[in-house]
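For reference, the structure is listed below as structure tokens.
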Protein chains: 2
Amino acid sequence: MLLYSHIIILFMQELISKLSIRVNSHIYLKDPETSDLGKRIVDGGIDLIDEIGFEAFTFRKLGQHIKSPEASIYRYFESKHKLLLYLMSWYWGWMEYRMVLGLTNIKSPQERLNIAITMLTEQVSQDSNFSHIDEVKLNRIVISESSKSYLTKDVDHENKEGVFSGYKSLVARVSDIVEEINPNYKYRHMLVSTVIEGAHHQRYFVEHLPKLTDVVKGEDAIVTFSLQIMINAVQGNE
Amino acid sequence: MLLYSHIIILFMQELISKLSIRVNSHIYLKDPETSDLGKRIVDGGIDLIDEIGFEAFTFRKLGQHIKSPEASIYRYFESKHKLLLYLMSWYWGWMEYRMVLGLTNIKSPQERLNIAITMLTEQVSQDSNFSHIDEVKLNRIVISESSKSYLTKDVDHENKEGVFSGYKSLVARVSDIVEEINPNYKYRHMLVSTVIEGAHHQRYFVEHLPKLTDVVKGEDAIVTFSLQIMINAVQGNE
DNA sequence: GCGAATATAATAGCATTACTATCATAATTA
DNA sequence: TAATTATGATAGTAATGCTATTATATTCGC
């Protein structure tokens, strides 16, 4: 029986490794998943943004990094901002995928919420199922750069094109679990997006502005804190 | 008696209007409060960043806006990033000042926490006490640009110079109230910074990504939500 | 296997940005 | 009134954020 489920898991992994995360086509000019250069742009982009930060990152530098001309990169992405949107969108798509898998067959909504929030707020480790992308570096980029993907004057236009739908869909999915537990709670989307964004900020603060956070020995304080906030809010008396 | 306190308030306002918010001297090359041009740079900067956003904002455009040469602005601030730091630092200094005033003579720590969180999360209205700065516009800038002031590769260095001390001191002050109410709560700094940042993000979402938040008729949902999170966490059973 | 289409490389160029430098003139201060 | 200091006017430079052009690979249909 144990062996049998093990085989199923292997089969699923085989299946998953051939799947790719779908990213809204308005983000790119040419789908980077369809070519070797495209993948090198994405991988190299993750590498370089993680290393030097989004402000210092340029397509010229990326070109040097992956040994391809700057102009070739522009055939895939209009601007570095669009590349960032691509990375964020890929990340949320990947997260949602993992979450759906992690929640299958879990009946209790309380347990589902626990799993979802833990997944969203814990430190990410490498996922071998999605070949070429380094999820650990990507997670660091999400932590320090994701706000910049929507805090711009183009948000409204980009939002209309659906570039944030991956994130919104994830938030909606978790909010639905909250609703299942307590249909009277009025702020479920607020709660979920606050906890997700909050956890990212706190991870950044731990590294760079420790006075703004709390480090507790022997536990992942950010996960514990996030779970507490969620549970207290959903089961709250008000 | 009522008239007497009214006179005291007028006297205090008179006093305050002559005070100015102290900003860490590492942020500027020359204190903008000391000259007419300096004030025009700050005011015009607030105006223009609010209008076109921080990405599109340049010192050349600011020069045209305030009808002074670009090079003159560089005598006050090294870069537009430093100007942003200045604005954020001023804002937090102003907030802390208002908070201290708003909390004087309030004994109950619960009530103090309520007042502090309401102040920090509600929509800002014009404060005539601090002459030349438009606090409403500045609050919009804090909402949409403040994350960019620390999400850079220079954080650690800038943090060492004390550039973020205004924000940290405010967070510490509110965290102290939390400690007063429940000294066993382990995550007070996390809680406070999450709620402040979270409220800003939620205000942004209401305008631009409404699917990520909840709008409730007849109340300021962001303030209510923030207060609930605080109270639940501090009085939480865990 | 060959020609046609398509993708990439190599190179150039151009307007804007992010500054720095210089010098003249105005305002302040000793 | 001279000396200092602040501002204005103007220039210049390296890097950024692109677009364009042409040449060379690579892939695809037949």
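Residue numbers begin at 1 in each chain, while the letters A, B, ... track the order of the sequences.
- Note on A:Tyr76: every side-chain N or O is 4.0 Å or more away from OP1 and OP2 of C:dA7.
- Between B:His81 atom NE2 and C:dA18 atom P the separation is 13 Å, expressed in whole Å.
- A parallel orientation is assigned to the rings of A:Trp90 and A:Trp94, their planes being inclined by less than 30° (bins at 30° and 60°).
- Within the 3.5 Å criterion, the main-chain N or O of B:Glu161 finds a donor-acceptor partner in the side chain of B:His26.
- Atom P of nucleotide D:dT16 and atom CD of A:Gln64 are separated by 9 Å, given to the nearest angstrom.
- B:Val174 is not listed as a side-chain neighbour of B:Arg188, based on a closest heavy-atom distance of 4.5 Å or more.
- For B:Ser79 and C:dA18, the shortest distance from a side-chain N or O to OP1 or OP2 is not below 4.0 Å.
- With D:dC18, D:dG8, C:dA9 as the candidates, the nucleotide lying closest to the side chain of A:Arg60 is D:dC18.
- Classified by interplanar angle (parallel below 30°, tilted 30° to 60°, perpendicular above 60°), the ring pair B:Trp92/B:His200 is tilted.
- Contact check, B:Tyr74 against C:dA21: no side-chain N or O comes under 4.0 Å of OP1 or OP2.
- Here the shortest heavy-atom pairing between A:Ser72 and A:Leu37 reads CB-CD2, 3.9 Å.
- Two residues are said to be in side-chain contact when any heavy atoms from C-beta on lie closer than 4.5 Å; B:Asp220 and B:Arg203 meet this criterion.
- The interatomic distance linking A:Leu62 (CG) with C:dA9 (P) rounds to 12 Å, in whole Å.
- When the P atom of C:dA7 is taken as reference, atom CZ of A:Phe77 falls 15 Å away, rounded to whole Å.
- Below the 3.5 angstrom threshold, one finds no donor paired with an acceptor across the side chain of B:Glu78 and the base of C:dC19.
- Look at CD on B:Glu70: it is 15 Å from P on D:dG12, rounded to the nearest Å.
- A close approach under 4.0 Å does occur between a side-chain nitrogen or oxygen of A:Ser72 and OP1 or OP2 of C:dA9.
- Note: CZ (B:Arg75) to P (C:dC23) measures 14 Å, nearest angstrom.
- Distance, A:Lys67 NZ to C:dT8 P: 18 Å, rounded to whole Å.
- A heavy atom closer than 4.0 Å to some atom of DNA chain D occurs in B:Lys30, B:Ser35, B:Leu37, these being the qualifying members of residues 26-56 of chain B.
- Distance, A:Lys61 NZ to D:dA14 C1': 12 Å, rounded to whole Å.
- For A:Phe59 and A:Phe77, the distance between ring centers is not under 6.0 angstrom.
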